[in-house]
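Small disclaimer: the values here were computed from a predicted structure and weren't measured. Chain letters run A, B, ... following the sequence lines, proteins first, then strands; residues in each count from 1. The figures here come from the full heavy-atom set of this structure, side chains too, leaving out hydrogens, waters and symmetry mates.
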Number of protein chains: 2
Amino acid sequence: MDLVFKALADASRRDLLDRLRADNGQTLNQLCAGVPGMTRQAVSKHLALLEEANLIATVKRGREKLHYLNPVPIHEIAERWIGKFERSRLDALSELKKALESGDE
Amino acid sequence: MDLVFKALADASRRDLLDRLRADNGQTLNQLCAGVPGMTRQAVSKHLALLEEANLIATVKRGREKLHYLNPVPIHEIAERWIGKFERSRLDALSELKKALESGDE
DNA sequence: TTGACAGGCAACCAAATGGTTGCATATTGT
DNA sequence: ACAATATGCAACCATTTGGTTGCCTGTCAA
């Protein structure tokens, strides 16, 4: 799960995921065209990381490689990690408020 | 939002958040006691990052500094970013399946 | 078959990151 | 006042990260 978090930590990689969500199954060069100002190799490295984190799956099709979004790890993060923080959301907020108030004593 | 993602990318920092969720309002030294094998300064740096990302709020209380969990940024991530991936979850999965099948042609 | 196109691999580089040690400052209790 | 406690700050170090350039491999089409 750490890999997923680290993969999501970079804005360029989140952007790549966004582009795949908008248009799934793109090739490396297609993705490069969408992210100008970065070499193909840089994009390639980002995609490799995303693939390692299992956030995208790839299919080799002749000489090109199609990239597909895999939403499962994001779902798992939402379920297992964010969920428990959501549950204590209001609770923690009221605690915080109380603490801030009592801090003025 | 980038700060939040980067802050969440580190396992030690996620651990600190977990500890605060379990016992909110801890001081630096209390948190250090919970994470052995790391100097106070290391923990302090992590907390500074979490604070910068607005994931924790702090209250100075005499010579000690209390740390409170702020679940709002996590909620925002869940809403704005994960939400849209969740919505396309099954859709992307079926697309992926189709692509994998047609890849065998 | 032979370009041209899509991608992979490796070396290299600068900057960011996670951690340390050492010292300074502020608060508290006796 | 003063020693102990709680934290802050700065310099330093090793590793990781994001990026580059240069070259190699594989595939398609004329």
| request: Give the nucleotide from the list D/dG19, C/dT17, D/dG8 with an atom nearest to the side chain of A/A42. | output: D/dG19

| Are the charged groups of B/D10 and A/K6 less than 4.0 angstrom apart, N to O? | no

| request: Consider the side chain of B/R63, meaning its heavy atoms from C-beta on, and name the nucleotide among D/dA4, C/dG7, D/dG19 that approaches it most closely. | output: D/dA4

| said: Just the rounded figure in Å: distance from P of C/dA6 to CD of A/Q26. | reply: 14 Å

| field | Along DNA chain D (nearest heavy atom to each residue), the more 5'-positioned of A/D10 and B/Q30 | value | B/Q30

| Of A/V43 and A/G62, whose nearest nucleotide on DNA chain D comes first from the 5' end? | A/V43

| query | With nearest nucleotides of DNA chain C determined for B/H46 and B/E64 from heavy-atom distances, which residue corresponds to the more 5′ nucleotide? | reply | B/H46

| message | Does B/K45 contact C/dG19 through a side-chain donor or acceptor facing the base, at a distance under 3.5 Å? | response | yes

| Can you check the B/Q41 CD to C/dA24 C1' distance for me, whole Å? | 12 Å

| query | What's the spacing between A/N24 CG and A/H67 NE2 if we round to 0.5 Å? | reply | 11.0 Å

| remark: Whole-Å distance, A/L8 CG to D/dG18 P, equals 12 Å

| task | Find the distance B/L31:CG to D/dG8:P and express it as a whole number of Å. | result | 12 Å

Which pairs of donor and acceptor atoms, one on a side chain in residues 42-51 of chain B, lie under 3.5 Å apart (sequence neighbours left out)?
residue	atom	partner	partner atom	Å
B/H46	ND1	B/R13	NH1	3.2
B/E51	OE2	B/T58	OG1	2.8

| request: Measure distances between side-chain N and O atoms of A/R13 and base N and O atoms of D/dG18, and say whether any donor-acceptor pair falls under 3.5 Å. | output: no

| task | Rounded off to whole Å, could you give me the CZ-to-P distance for the A/R40 and D/dT25 pair? | result | 15 Å

| query | Tell me: CG of B/L28 to C1' of D/dG8, nearest whole Å? | reply | 10 Å

| query | Is it true that B/R19 and B/D15 make a salt bridge, defined as a side-chain N closer than 4.0 Å to a carboxylate O? | reply | yes

| request: Starting at atom NZ of A/K60, determine the distance to atom P of D/dC28, rounded to an integer number of angstrom. | output: 11 Å

| request: Identify which nucleotide among D/dG19, C/dG19, D/dT7 has an atom closest to any side-chain atom of A/M38, counting heavy atoms from C-beta outward. | output: D/dG19

| Just how far, in rounded Å, is C1' of C/dT27 from CG of B/N29? | 14 Å

